[in-house]
Amino acid sequence: MEKIQAIRGTKDILPENIYQWHFLFDKFNEISNRFNYTEIRTPIFEKTEVFHRSIGEATDIVNKEMYTFTDKGGESVTLRPEATAALVRSIIQNSLNHESPILRLWYFGPFFRYERPQKGRLRQFHQYGAELIGSPNPEADIEIILLAIELIKSIGINGYTLLINSLGNEQSRANYRIALIDYLKNNSENLSTESRTRLEVNPLRVLDSKDENDLKVLENAPAIIDSLDSESRTHFDMVLKGLEEIGINFEISNKLVRGLDYYSHTVFEFRSNYLGSQDSFGGGGRYDGLFEQLGGKATPAVGFAFGIERLLLILEQIGGLPINNQHIDYYFILQKSDYYNYAQNIANKLRQLGKSVVVEILRRSFKAQMREANKIAARFAAIVGESEFLESTITLKNLNDSAQQTMSVEAFLNSLK
Ligand code: AMP
């Protein structure tokens, strides 16, 4: 029969690589804890409305990338394309922010977007993200960016660019939209077809274009920073000042808008030269209007997400992937399969003492078992022959230096306590 392949754009995380994922998860857990962020896990699918009402109808995600289907009960559901909207749904539903004015959360898990697969772009990918809920102040923006930087540092990535921009408050954004539309309309004959379409549905996204002609037009486009009102300007200046004084390097990018509708004020993105065309490995921003959009009470918030696959690609490029330090302490070699229960009994006592132990289950020849023990790089071969079985002893062979000794099982176990 024909073999079945995985769905395009999805990837198995194989046993030989899983430790890399544990490494990232453990580091991120540890650093998040140091900043007093707590993990939250929400379902991987939500009512489609959660994303329609938050991300924005005119965005690429909602327009063409969502895995949406009708379930057997006739409900439209969507595999989550991102986490923030779902987290806000959960916070509102569970009243998570009623106890304390500030909530600090992080998450790690799979996300789904129907994009054209390529290096660093999958249809099922993974993100770590963090959200800081409850403060409208620049202090929160600074904290969340600092957290992002400490996470990257903790896994050994040092070379990257942090881009930052401000979209300002609603009024500033509205002013900018008008100025931008005006400018782009006047230059529309030089824009790509895609940008002309975007101009109609989501004009800010034209700034994301990589088309050469578009870039020429954009050179003289009005900068969003010039449309910021004084409140928005002050907020942005305080964020920049904070980053500077804490020693965080950044570049202001007046073209950075990020794709989603719900951002306001600060937006930022991390880019790496090691990634090729998909060079962003993380990004985020402030989303003060999102709680209301999802039926909650107005709540300021700021957050970001990293793409795990892209972090691993960077680590691979810089030779920074962690080393797998899993090892086997004892491989039990049985002269006869009749000694299996005897061996497994001792093996399990060793496991209870914290050792990793494997017992032969293929009834192989003594030589083949010894080969196996060496192949999996066990520290010791624990040999059970007739005399060991009859006398409650065990023979241990150190596979490093081949030194061998026989002792009573009791003495052996006691020596490990
Ligand atoms: P976004 O929610 O689009 O800002 O994405 C945040 C991060 O998630 C990006 O910077 C990427 O690192 C990662 N990411 C987004 N989409 C994909 C994808 N289709 N495949 C792999 N990583 C992705």
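Remember, it's 1-based here, ligands and their atoms both numbered in the order they're listed. Just the heavy atoms: all of them, side chains too, but no hydrogens, waters or symmetry mates, feed the values below.
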- Could you label the plane-to-plane angle of the Phe112 and Tyr67 rings as parallel, tilted or perpendicular, counting under 30° as parallel and over 60° as perpendicular? perpendicular
- salt_bridge(Glu194, Arg198) N-O dist < 4.0 Å: yes
- Has Arg258 got any heavy atom lying under 4.0 angstrom from an atom of ligand 1? yes
- Measure up the Tyr128 and Tyr107 rings against each other and bin them: parallel (under 30°), tilted (30 to 60°), perpendicular (over 60°). parallel
- For Leu122, atoms of ligand 1 separated by under 4.0 Å from a heavy atom: 18 (C), 19 (N), 20 (N), 21 (C)
- Task: Would you mind listing which atoms of ligand 1 come within a distance below 4.0 Å of any non-hydrogen atom of Gln127?
- Result: 2 (O), 5 (O), 6 (C), 7 (C), 8 (O)
- Part of Glu309 within contact of ligand 1 (heavy atoms, under 4.0 Å): neither
- Message: With a 4.0 Å cut-off on heavy atoms, is Arg113 in contact with ligand 1?
- Response: yes
- Item | Among Ser280, Ser272, Gly129, closest by any non-hydrogen atom to atom 9 (C) of ligand 1 | Ser280
- Message: So, taking the atom named CG in Asn29 and the one named CG in Leu151, what distance separates them when rounded to the nearest 0.5 Å?
- Response: 10.5 Å
- Where does the angle between the aromatic ring planes of Phe35 and Tyr37 fall among parallel (under 30°), tilted (30 to 60°) and perpendicular (over 60°)? perpendicular
- Could you tell me whether Arg123 approaches ligand 1 through its side chain, its backbone, both or neither, with non-hydrogen atoms closer than 4.0 Å? neither
- Message: Residue-level breakdown please: for Arg121 versus ligand 1, do any non-hydrogen atoms fall below 4.0 Å on the side chain, on the backbone, on both, or on neither?
- Response: both
- Query: Short list, please: which atoms of ligand 1 are under 4.0 Å from a heavy atom of Phe281?
  - Reply: 10 (O), 12 (O)
- Item | Aromatic centroids of Phe306 and Phe304 separated by under 6.0 Å | yes
